Amino acid sequence: MAQRLALRRLLSLTPRPLPPQGPPALRAPAAPPGRTFSTSAGCGSTFNVQDGSDFQDRVVNNPKPVVVDFHAQWCGPCKILGPRLEKMVAKQDGKVLMAKVDIDDHTDLAIEYEVSAVPTVLAMKNGDVVDKFVGIKDEDQLEAFLKKLIGA
């Protein structure tokens, strides 16, 4: 398991961009390291997990139900499911939150929650995993998954 995750991380390495060229006055300002910006529709109910204690605070200890999306940058199906799931969570009007966990950055969480393939989505309520699925789902299946979690 750990070997497979390490191999995936190695294969997902991408070349670093070259430093900007030209006079400093014409260069675009660089973004501060470690900061991200999102323009997704559900950004108020969706967040990226930063580390283990962040996961504990924002997912395990959260009074609201949380959908946890374990994904990877190199995963094609994750790129399809992620936005679809964000859209469906946003439609729930804050009754459920969505945490995004990149397995390459948070291998320890992936191992702890027995994630062996991506995308894997967990439904957590009061710190317990109450439901899960692996792979892509259509919007009707996602809606049913969320309604079951919310109890609607």
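The shown structure was predicted, so the numbers you read here are calculated from the model rather than taken from an experiment.
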Can you find a heavy atom in the side chain of Val101 that is under 4.5 Å from one in the side chain of Val68?
-> yes
Within one Ile-Leu-Val-Met-Phe-Trp-Tyr cluster: Leu85 and Val130, side-chain cutoff 4.5 Å | yes
Given side chains that start at C-beta, do those of Leu146 and Val67 come closer than 4.5 Å, heavy atoms only?
-> yes
For Pro119 and Cys75, the nearest pair of non-hydrogen atoms, with its separation, is CD-SG, 4.0 Å
Mutual orientation of the aromatic rings belonging to Phe70 and Tyr113 [parallel < 30°, tilted 30-60°, perpendicular > 60°] = tilted
Establish whether Met88 and Ile136 are linked, either directly or via other cluster members, by ILVMFWY side-chain heavy-atom contacts under 4.5 Å.
-> no
Mind checking the CD-CG spacing from Gln92 to Leu149? Nearest 0.5 Å is all I need.
-> 9.0 Å
Closest non-hydrogen atoms of Phe55 and Met124, given as atom of the first, atom of the second and distance, are CZ-SD, 4.1 Å
Does the side chain of Leu142 reach to within under 4.5 Å of the side chain of Phe133, using non-hydrogen atoms?
-> yes
Heavy atoms, side chains only, cut-off 4.5 Å: are Val121 and Lys137 in contact?
-> no
Heavy-atom donor-acceptor pair, Gln50 side chain to Asn48 backbone, under 3.5 Å | yes
Which is it for Asn62 and Leu97 under the side-chain contact (heavy atoms from CB on, under 4.5 Å) test, yes or no, and what are the steps along the way?
-> CA-CA 9 Å; Asn62 203 316; Leu97 302 175; 3.1 Å; yes
Measure the shortest side-chain to side-chain distance between Val96 and Lys64 over non-hydrogen atoms and say whether it is less than 4.5 angstrom.
-> no
When every non-hydrogen atom of Lys132 is compared with those of Leu122, the smallest separation belongs to CB-CD2, 3.6 Å
Mind checking the NZ-CZ spacing from Lys79 to Arg84? Nearest 0.5 Å is all I need.
-> 15.5 Å
Rounded to the nearest 0.5 Å, how far apart are CG of Asp51 and NE2 of His106?
-> 7.0 Å
Are any non-hydrogen side-chain atoms of Val66 and Met98 less than 4.5 angstrom apart?
-> no
Would you please test Arg58 and Val49 for side-chain contact (heavy atoms from CB on, under 4.5 Å) and show each step?
-> CA-CA 8 Å; Arg58 296 171 81 182; Val49 171; over 6 Å; no
May I ask you to say whether Glu139 pairs ionically with Lys87, meaning some side-chain N is under 4.0 Å from a carboxylate O?
-> yes
Residue pair His71, Ile103: steps toward the side-chain contact (heavy atoms from CB on, under 4.5 Å) verdict = CA-CA 6 Å; His71 68 281; Ile103 65 163; over 6 Å; no
Pairwise distance CG(Asp108) to CG(Asp105) - rounded to 0.5 angstrom | 10.5 Å
Is there side-chain contact between Trp74 and Val118, with heavy atoms separated by less than 4.5 Å?
-> yes
dist Asp102:CG -> Asp69:CG (nearest 0.5 Å) comes out at 10.0 Å
Starting from the C-alpha separation in whole Å, work towards a yes-or-no answer on salt bridge (charged side-chain N to carboxylate O under 4.0 Å, His left out) for Glu86 and Lys100.
-> CA-CA 10 Å; Glu86 283 185 51; Lys100 298 175 75 171; 2.9 Å; yes
